[in-house]
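The structure appears right after this line, and notes come after that.
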Protein chains: 2
Amino acid sequence: MDDRSKVIKYLNGGWDGVAVRDYKENDRLHRSVTRRDLLGAAQDEHGLSVITRYFEVAPGGYSTLERHEHAHAVIVLHGQGTAILGEHSYAIAPFDCVYVARDTLHQFQASEDAALGFLCIVDRVRDRPRLPSPDELKRLAALGVSPKPGVAEKP
Amino acid sequence: MDDRSKVIKYLNGGWDGVAVRDYKENDRLHRSVTRRDLLGAAQDEHGLSVITRYFEVAPGGYSTLERHEHAHAVIVLHGQGTAILGEHSYAIAPFDCVYVARDTLHQFQASEDAALGFLCIVDRVRDRPRLPSPDELKRLAALGVSPKPGVAEKP
């Protein structure tokens, strides 16, 4: 028996012993996002090939609009918000699942009056995100898709 | 852009377009468990290296007590129940996370009066489960750990 098996209790809006971390260190194209590494990141959980993270976006906040070669599996746990996937925008709510295919521009936005909390499952080894081009941003604007920050709130 | 990205809506206790399946086909050592393959099982989701499944155990039901070489990442979404992990038993409730390390005997039981729903994330390719030996069952009984079915309800 491998006795590293364990239960991580969810208590008072967080997980016992799991640190709340910065979403990213070197990127200011997001707002009010925290990250928790729930499963697969710890040294003693090396049996897992993926990392399950929990992201929480405060009301009005948003993740970086970006793309990468690795895919994401996302499951919403709390709140309300919007997912931008490529040239489309979707309302998302608890237990909705989101598949972010490789190379898809994507962003998660909380609504103005509710936080948005979701699981995001990714490979342990993955490529770095890339930002959209100015032409892509223009095209999204022409399509009525509204990534953040908007023109009026450039960081 | 890879336009296979998508949102799978959670509606009325299920996911839009996701079939409810049998938990296992050839094993009667479980009771009242259903499975839904949420993300990573479909042909058009090949960017994901893992499959995210949702299991629902009806009140009084339980999964098979078994072990395998692959690890599990589990996140509870609904209800109440018990996780047996090796020689220990844990109460579990929404958003608790469970790490099932490789080769750990494990079982998920719903409580008698509430269903238990949880996500279980596994590698796409994995080894087959193995059952406990009679000696292991005796040892669990001696330790006061209560896997199901019990002696009085052998299938």
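Throughout, protein chains are lettered first and strands after them, A, B, ... in sequence-line order, and every chain is numbered starting at 1.
Residues Ser5(A) and Ala101(B) come closest through the heavy atom pair OG-N, 2.9 Å. The nearest pair of heavy atoms linking Lys9(B) to Asp96(A) is NZ-OD2, 2.5 Å.
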CA sep, side-chain torsions, deciding dist, call: Leu119(B), Leu119(A), side-chain contact (heavy atoms from CB on, under 4.5 Å)
CA-CA 11 Å; Leu119(B) 301 173; Leu119(A) 301 173; 3.6 Å; yes
Determine, step by step, whether Val76(A) and Tyr10(B) satisfy the side-chain contact (heavy atoms from CB on, under 4.5 Å) criterion, reporting the C-alpha distance in whole Å, the side-chain angles of both residues, the deciding distance to 0.1 Å, and the verdict.
CA-CA 10 Å; Val76(A) 179; Tyr10(B) 179 78; over 6 Å; no
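Only the side chain of Ile75(A) comes within contact range of chain B, with at least one heavy atom under 4.5 Å from a heavy atom of that chain. Heavy atoms closer than 4.5 Å to chain B are found nowhere in His106(A), neither backbone nor side chain. Only the backbone of Val74(A) comes within less than 4.5 Å of a heavy atom of chain B; no side-chain atom from C-beta onward does. Within the 4.5 angstrom heavy-atom criterion, only side-chain atoms of Leu39(A), from C-beta onward, approach chain B. Only the side chain of Leu38(A) comes within contact range of chain B, judged by heavy atoms closer than 4.5 Å.
Between chain B and the residues Val122(A), Ile121(A), Val98(A), the most heavy-atom pairs under 4.5 angstrom are made by Val98(A). Ranked by heavy-atom pairs shorter than 4.5 Å toward chain B, the options Asp16(A), Val50(A), Val100(A) are led by Val50(A). In terms of heavy-atom pairs under 4.5 Å with chain A, the best-connected choice from Ala71(B), Cys97(B), Gly47(B) is Cys97(B).
Taking CZ from Arg124(B) and OG from Ser49(A), the interatomic distance works out to 10.5 Å, rounded to the nearest 0.5 Å. Note that the CG atom of Asp103(A) and the CZ atom of Arg4(B) stand 11.0 Å from one another [nearest 0.5 Å].
Residues Ile51(A) and Val33(A) do not share a hydrophobic cluster, defined by chaining ILVMFWY side chains whose heavy atoms lie under 4.5 Å apart. A continuous path of Ile, Leu, Val, Met, Phe, Trp and Tyr side chains, each step under 4.5 Å between heavy atoms, connects Leu143(B) with Leu65(B), placing both in one hydrophobic cluster.
Relative orientation of the Phe95(A) and Trp15(B) rings is perpendicular, given thresholds of 30° and 60° on the angle between their planes.
Annotation: Arg139(B), atom CZ; neighbour count of heavy atoms from other residues, nucleotides and ligands within 6.0 Å does not exceed 12.
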